[in-house]
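Read the structure below first, then the notes.
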Amino acid sequence: MNPAMTRAEREEASAFGHAEAPPTATVGYGPHPDQVVDLFLPGSRAVPDLQAGSESRAVPESWAAPGSRAGGGAPPAGAAARVIADSPPPAPGAAPPVPLVVLFHGGAWRAPYDRRHLSPLAAYLAGHGLAVASVEYRRGPLADGPAASAAGPGQPRAGRWPETFDDIAAALDALPALVRARVRWADVDADRPVLVGHSAGGHAVLWAAARHRLPVGSRWRLPAPPALRGVVGLAAIADFGTARALGVCSHAVDQLLAPHHPPATPGPGPAEHVALLAHRLACTDPSALVPSGVPTTLVQGGADIDVPPAVAEAFVAAAARAGQRVRLVRVEGVGHFPPIDPATTTARTVLAEITRLT
């Protein structure tokens with residue numbers, strides 16, 4: 001590695017320098033190419049006729065389309081029942097089901113960064129006995145027209161509104177049935193996962209754990225707290241107010257929440273823009289949705305210059321004011337990428353924090 005590189009550059013090069021790990025299977029939760037989940041299973045737990053790395057879109061589009069399951073409705077009867085019904089019940093005294101980790105990647109909600117860069121971490125967790133579902137979701141395309149003023153001409157925009165949030169919600173709603181249809185009966189506890197996310201993915205898991213706290217009428221609101229073992233955010237964009245003030249990831253939060261409209265179509269005026277931004281912040285800022293009631297841990301590099309520690313600290317403080325205790329694990333001397341790099345000791349810390357929730 002080039003000795004002239006900065007510490008942050010060396011950490012990033014190491015995290016992105018691993019070979020992509022092939023998943024056990026890839027399954028779809030909707031019709032869009034980005035509405036897919038990679039499954040990494042410990043040992044031999046895949047359904048025998050599903051080859052490693054194969055793709056299946058077994059979820060009917062009418063069930064899994066973005067937004068169609070907001071509110072946590074159940075899948076249609078029999079949607080994933082065939083495999084389950086044909087599998088034998090667990091033998092008396094059988095080992096308990098393997099915990100499921102649902103993994104969301106980062107990349108500031110921008111299209112060039114996808115789930116594949118987290119595949120080495122997913123394989124690392126699977127190698128330690130965890131089942132992992134690594135979620136893809138729609139991110140911001142290359143900016144053009146009015147969006148170029150915010151992202152810069154030819155630069156990727158951060159996120160798609162509302163599609164990014166549609167996909168986070170739809171994936172989590174669909175996952176229990178998808179996982180049960182792909183693994184042996186009762187081998188994986190698909191109904192009570194641990195949510196783990198890095199950077200923008202850390203925001204995704206904090207937000208997903210608090211969907212029952214969304215305003216009444218929100219398309220993503222759940223009627224009750226989600227059934228989760230817990231949440232682990234890694235260098236998470238956990239507090240939008242602090243992230244916006246610091247311009248985190250080239251002002252990614254502002255881009256994510258900003259209204260986008262077709263070229264030559266008038267956008268909202270200043271007053272409407274302010275009102276719309278306030279509404280979107282209320283629906284998306286994790287610090288505005290505490291207390292979630294879900295056990296929550298943040299793992300934060302003390303030397304992170306991409307998502308500085310102040311962002312995690314602001315979320316912890318907001319949660320405390322709302323009566324929720326958040327566990328903050330600060331790893332001194334490391335930056336943004338060691339938590340997702342299986343070659344680092346920080347990744348072992350991440351594994352330990354996930355394990356304590358299972």
Side-chain angles (χ1 to χ4, degrees), residues 37 72 99-106 109 115 118 121-122 125 130-135 137 164-165 167-173 175-176 179 188-214 220-222 224-240 242-243 283-301 307 309 311-331 339-340 346-347 349-358:
V37 178
L100 175 66
V101 173
V102 182
L103 194 59
F104 282 83
H105 69 83
W109 304 285
R115 71 194 185 284
L118 275 197
L121 177 65
L125 297 176
L130 298 167
V132 180
S134 183
V135 178
Y137 51 93
T164 297
F165 294 92
D167 287 359
I168 296 167
L172 290 171
D173 290 345
L175 261 176
V179 172
V188 174
D189 183 0
D191 294 308
R192 294 181 58 248
V194 178
L195 305 187
V196 180
H198 177 243
S199 195
H203 164 266
V205 300
L206 293 170
W207 177 81
R211 285 170 60 198
H212 59 293
R213 300 279 300 168
L214 290 170
W220 307 302
R221 189 174 188 269
L222 292 176
L228 301 172
R229 292 173 183 262
V231 173
V232 181
L234 314 176
I237 304 179
D239 182 273
F240 274 3
T242 306
C283 292
T284 59
D285 183 358
S287 286
L289 299 173
V290 288
S292 69
V294 175
T296 299
T297 297
L298 299 182
V299 178
Q300 176 68 46
V307 181
V311 178
E313 292 163 358
F315 176 80
V316 172
R321 289 192 297 271
Q324 178 175 356
R325 181 180 179 274
V326 173
R327 177 178 170 88
L328 176 59
V329 180
R330 180 166 169 144
V331 185
I340 65 168
T346 309
T349 299
V350 170
L351 174 64
E353 293 302 320
I354 295 171
T355 302
R356 67 183 293 274
L357 292 171
T358 61

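We number each residue from 1, following the sequence as shown. Because only heavy atoms are used, hydrogens play no part in the values below, and waters and symmetry mates are left out as well, while side chains stay in.
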Looking only at non-hydrogen atoms, find the nearest pair between [X] and [Y] and report the distance.
X	Y	value
Gly301	Pro309	O-CG, 3.6 Å
Val37	Ala133	CG1-CB, 3.6 Å
Gln300	Ala235	OE1-CA, 3.6 Å
Val231	Ala209	CG2-CB, 3.6 Å
Pro226	His212	CD-ND1, 3.5 Å
Pro286	Ala238	CB-O, 3.3 Å

Verdict with reasoning, Leu351 to Leu130, per side chain to side chain contact (heavy atoms under 4.5 Å, CB included): CA-CA 10 Å; Leu351 174 64; Leu130 298 167; 4.0 Å; yes
Nearest 0.5 Å, please: how far is [atom2] in [Y] from [atom1] in [X]?
X	Y	atom1	atom2	answer
Thr349	Ile354	OG1	CD1	11.0 Å
Leu195	Arg229	CG	CZ	12.0 Å
Ile340	Leu121	CD1	CG	7.0 Å
Glu313	Thr242	CD	OG1	9.5 Å

Does any non-hydrogen side-chain atom of [Y] lie less than 4.5 Å from one of [X]?
X	Y	value
Thr297	Arg356	yes
Val196	Phe104	no
Leu228	Pro193	yes
Ile237	Ser199	yes
Ser287	Phe240	no

With [X], which residues qualify under side chain to side chain contact (heavy atoms under 4.5 Å, CB included), at least two apart?
X	answer
Leu357	Val194, Val232, Pro295
Pro339	Leu234, Thr346, Val350
Ala288	Asp285

Which side-chain N or O atoms in residues 200-208 pair as donor and acceptor under 3.5 Å with protein atoms at least two apart or in another chain?
residue : atom : partner : partner atom : Å
His203  : NE2  : Thr284  : O            : 2.8
Trp207  : NE1  : Cys283  : O            : 2.8

Check residues 322-329 and write down every donor-acceptor pair under 3.5 Å in which the side-chain atom is one partner and the other belongs to a residue at least two apart or another chain.
residue : atom : partner : partner atom : Å
Gln324  : OE1  : Ser292  : N            : 2.8
Gln324  : NE2  : Ser292  : OG           : 3.3
Gln324  : NE2  : Val294  : O            : 3.2
Gln324  : NE2  : Thr296  : OG1          : 3.4
Arg327  : NE   : Glu353  : OE1          : 2.8
Arg327  : NH2  : Glu353  : OE2          : 3.1

Partner residues of Tyr137 under the ring-ring contact (aromatic ring centres under 6.0 Å, His included) criterion, sequence neighbours left out: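 His105.
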Stepwise side chain to side chain contact (heavy atoms under 4.5 Å, CB included) check, Leu100 with Asp189: CA-CA 6 Å; Leu100 175 66; Asp189 183 0; 5.8 Å; no
Residues Asp173 and Arg211 bridged, charged N to O under 4.0 Å: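 Yes.
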Arg330 side chain vs Val299 backbone, donor-acceptor pair below 3.5 Å: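 The answer is no, because no donor-acceptor pair under 3.5 Å joins these two groups.
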